[in-house]
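Residues take their numbers from the sequence shown, with the count starting at 1. Only a predicted model underlies this, so the values are computations on that prediction, with no experimental measurement involved.
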Amino acid sequence: ASGNAGGYFGLSGANGHYINTSAQHDICVRSESNLLFSSGGAIERLRIDSNGEVGIGTVNPNAPLDVFTNTAATNKDLFMVRSATGAFAVQCSSVTASNPTWALRTFGSEDLVFSPGGNANTNEAVRIKSDGKVGIGLTNPAHDLDVYLNGRFNQLGAGGYGVLVGGSFSQTAFNFAVTGDVVGQG
């Protein structure tokens, strides 16, 4: 112990070692360079570089948190956030492939919700249900694509259409009912 801290710093443990203090004190580890964590001998597992960027599986982190693996694997979860009953993962279809498919996935019957600018309870914009149904503007889509539109579909430039079903504007494969005001009908 140094000064009047009243604690100690040591390594202890019957089946392994851990850092311990005798009271509720902060433990501070400082380095003028990189801070490295290893396991399995001298195998580096985690690095905090001198810029504060954290690398897991890499000695050169390129972002505030950089997770990397080059061990051959298919459908590998590279990043996961878990709760008591579920999880959200970023998955790579093939770790060593030149152009793998990346998937955002949940476990069990959890929905995936996009809620820009707030939380899912008040700012939900898109929901993908666990059964694959997609809702835009609604929380419980009943069809493969269910859109609640409080606005309008606009024409997309000269000769283009905001919604085109069936390949040609003259086809009658798309029927709909209009309620309320119709603006810009021509």
Exercise. In Å and rounded to the nearest 0.5 Å, what is the CG to CG distance from D49 to N60?
Worked result: 8.5 Å
Seminar exercise, completed: On a heavy-atom basis, the closest approach of P100 and C92 is CB-SG, 3.6 Å
Exercise. With hydrophobic residues grouped by side-chain heavy-atom distances under 4.5 Å, do F107 and V81 end up in a single group?
Worked result: no
For this session: Establish whether L65 and M80 are linked, either directly or via other cluster members, by ILVMFWY side-chain heavy-atom contacts under 4.5 Å.
Result: no
Problem set entry | Least distance between heavy atoms, A125 atom then P116 atom | CB-CD, 3.8 Å
Exercise. With a 4.5 Å limit on heavy-atom distance, are the side chains of N34 and S50 in contact?
Worked result: yes
For this session: Output the distance between atom CZ (F114) and atom CG (L104), rounded to the nearest 0.5 Å.
Result: 6.0 Å
Exercise. Where the side chain of R127 meets the backbone of T139, is there a donor-acceptor pair that is under 3.5 Å apart?
Worked result: yes
For this session: Please report the closest heavy-atom contact between T96 and A72, naming both atoms and the distance.
Result: CG2-CA, 3.9 Å
Problem set entry | Lys/Arg-Asp/Glu bridge criterion (N-O < 4.0 Å) met for K133, D131 | yes
For this session: Rounded to the nearest 0.5 Å, what's the gap from OG on S31 to CG on L36? Could you check?
Result: 7.5 Å
For this session: Kindly determine whether N62 and E53 satisfy side chain to side chain contact (heavy atoms under 4.5 Å, CB included), including the steps that lead there.
Result: CA-CA 7 Å; N62 293 312; E53 293 184 333; 5.8 Å; no
Problem set entry | Minimum-distance pair of heavy atoms, taken over all atoms of K76 and V95 | CB-CG2, 3.8 Å
Seminar exercise, completed: Separation between CZ (F79) and CG (D66), nearest 0.5 Å, reads 12.0 Å
Exercise. Q91 and N75: which non-hydrogen atoms are nearest, and at how many Å?
Worked result: NE2-O, 3.4 Å
For this session: Establish whether V59 and I48 are linked, either directly or via other cluster members, by ILVMFWY side-chain heavy-atom contacts under 4.5 Å.
Result: no
For this session: State, with a plain yes or no, whether a side-chain heavy atom of S93 is found less than 4.5 Å away from one of W102.
Result: no
For this session: Determine whether L112 and V134 fall in the same hydrophobic cluster, where Ile, Leu, Val, Met, Phe, Trp and Tyr are linked whenever their side-chain heavy atoms lie under 4.5 Å apart.
Result: yes
Problem set entry | Separation between CD1 of I56 and OG1 of T69, rounded to the nearest 0.5 Å | 11.5 Å
Exercise. Same hydrophobic cluster for L35 and V67, using side-chain heavy-atom links shorter than 4.5 Å among ILVMFWY?
Worked result: yes
Problem set entry | Any V54 side-chain heavy atom under 4.5 Å of L46 side chain | yes
Exercise. Do you know which two heavy atoms are closest between V113 and E124, and how far apart they sit?
Worked result: CG1-CG, 3.6 Å
For this session: Give, for atom CD of E110 and atom OG1 of T85, the distance between the pair rounded to the nearest 0.5 Å.
Result: 6.5 Å
